[in-house]
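Have a look at the structure below before the remarks.
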Amino acid sequence: MSTDQPTVLLVEDEPAQREVLSYNLEADGFRVTTAENGEEALLLVDEEAPDLIVLDWMLPNVSGIEVCRQLKTRPDTRGVPILMLSARSEEVDRVRGLETGADDYVIKPYSVIELMARVRALLRRTRPAALGQRLEYEDIVLDSETHRVTRDDKPLKLGPTEFRLLSTFMEKPGRVWSREQLLDRVWGRDIYVDTRTVDVHIGRLRKALCQHGGGDPLRTVRGAGYALG
Ligand code: CA
């Protein structure tokens, strides 16, 4: 499996809608994981660390609005962009959706083409690395198209795993990633790898980042994981 594909979590309780959207997102190059209700969505966010969430407003039990509110108050999920889908078209609901923290809002019935355009625009704004662009953090520059990394303009030698780790960190500087989230994201969740493997590769990444000098930009957060800066 390719772990370079951006992951979209699609939360929609209507099977037909879920199927159409999954199909189109996959055709557009996304890895899609689906949830039928709010509880499942909240669990999958932890397991999958998605790049973006497409969230239906009207869900059984825990509503889309409540899922959105919870995710936007948690420090580890606050930065994940959320696109809300809703059949409600009143302006007041739109405002409420955005106040809850949704990053964008699409009214049903929507055109699939428009929805795909909004997904890509939202990712471009919030997760540029997911779409293959240049990321910068202080003196470190990572180009996810050419797979080149420089620090203070000097090229860095990085293994493929270290590259994916760094790319994950550089998408969201400051975000704390648990070892499990890094495993899912960098190795893929279908592969069995011990969490200590993460520590080994973090060690290699640290060494690689400092190969021409400079301080260690990675932070170990005791009991939680790792963060850049
Ligand atoms: Ca619904």
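Every number for a ligand or one of its atoms is a count from 1 in the order of the listing. Along the sequence shown, residues are numbered consecutively beginning with 1.
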For this session: Return yes if some donor-acceptor pair links the side-chain N/O of Glu114 with the main-chain N/O of Ser111 below 3.5 Å, else return no.
Result: no
Exercise. Out of the N/O/S atoms in Asp56, what is the name of the one closest to the Ca ion (ligand 1)?
Worked result: OD2
For this session: Quick one: sort the Phe163 and His147 rings into parallel, tilted or perpendicular, breaks at 30° and 60°.
Result: parallel
Exercise. Got a salt bridge between Lys108 and Asp56, using NZ or NE/NH1/NH2 to carboxylate O under 4.0 Å?
Worked result: yes
For this session: May I ask you to say whether Asp143 pairs ionically with Arg134, meaning some side-chain N is under 4.0 Å from a carboxylate O?
Result: no
Exercise. If the Ca ion (ligand 1) is the vertex, what is the angle to OE2 of Glu14 and OD1 of Asp13, rounded to 10 degrees?
Worked result: 90°
For this session: Give a yes or no on whether Met58 keeps an N, O or S atom under 3.0 Å from the Ca ion (ligand 1).
Result: yes
